[in-house]
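I have placed the structure first, in the form of structure tokens, so that the comments after it can refer back to it.
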Amino acid sequence: MSDEKAPLVQRPGNLPNAEYRRFEGMVEYEAVIDGLIPQTLRTIRVFDRSLSRAWSSPQRYENLRQFLLASRANRLLVVVHDAEPIERECPRVVDLVRQFSAAVRIHQTLSPAKHVYDPFVVFDSTHYVHRFHYRYLRAAHGSHDLVGAQQLLDRYAEIWEASAHTVTAGTSGL
């Protein structure tokens, strides 16, 4: 047996600089999200059981605000299983909904999608971070990975279809 590592297999249709790596830990998961927001040019799609408090951190709030100010076409699309805690635990996210009501959408899943338990965030259509189950810390980060990102975008479209708009910019809050 040789000590050489097996070469990376390129999936057909992927960019030559595509990278995929696995990791464990919420700190790294949140750091990857924070690092990818400023690189995003058009759309951030989030799916999770509920939004963590990291979504309301000053740094993430400012990164999202700058992303939304960069272009009227930019979008932040969020689907969660439980939207109720957002007002209480993520006031900066609610502020983004109020400031950018046309660009920020928060949906809550309906019963057909309640069985989906792997949170992920897709940045444009080439970068993503994906946890394999919301209870566990195992995750993956794909960069310039068109194939992996498209798989998540397809899942996101299905989840979005099985959700309803829940958080609005009205004065009554949530």
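- Here Q59 contributes atom CD and I37 contributes atom CD1; the two are 8.0 Å apart, rounded to the nearest 0.5 Å.
- Under 3.5 Å, the side chains of S71 and R42 contain a donor-acceptor pair of N or O atoms.
- Using a 30° and 60° split on the angle between ring planes, Y29 and F23 fall in the tilted class, from 30° to 60°.
- With S52 as reference, E30 is the one residue of R60, E89, E30 to meet the side chain to side chain donor-acceptor pair (under 3.5 Å) rule.
- Nearest heavy atom pair, residue H81 against residue V116, reads NE2-O, 2.6 Å.
- The ring pair (Phe, Tyr, Trp, His ring centres under 6.0 Å) check on Y136 picks up H133, with sequence neighbours excluded.
- Atom CG in L77 sits 5.0 Å away from atom OH in Y156 (nearest 0.5 Å).
- A distance below 6.0 Å separates the ring centres of F132 and H130.
- Counting all heavy atoms, side chain and backbone alike, A113 lies closest to A162 at CB-CB, 3.7 Å.
- Expressed to the nearest 0.5 Å, how far OG of S163 lies from NZ of K114 amounts to 9.5 Å.
- Every residue was checked against the ring pair (Phe, Tyr, Trp, His ring centres under 6.0 Å) condition with H141, not counting sequence neighbours, and none meets it.
- In this structure, L68 CG and T40 OG1 are separated by 10.5 Å, a value rounded to the nearest 0.5 Å.
- By the 4.5 Å heavy-atom criterion applied to side chains, R65 and L96 are counted as neighbours.
- The two atoms that bring A140 and Y20 nearest to each other are CB-OH, 3.4 Å, heavy atoms only.
- With F47 as the aromatic partner, R155 does not meet the cation-pi criteria of under 6.0 angstrom to the ring centre and within 45 degrees of the ring axis.
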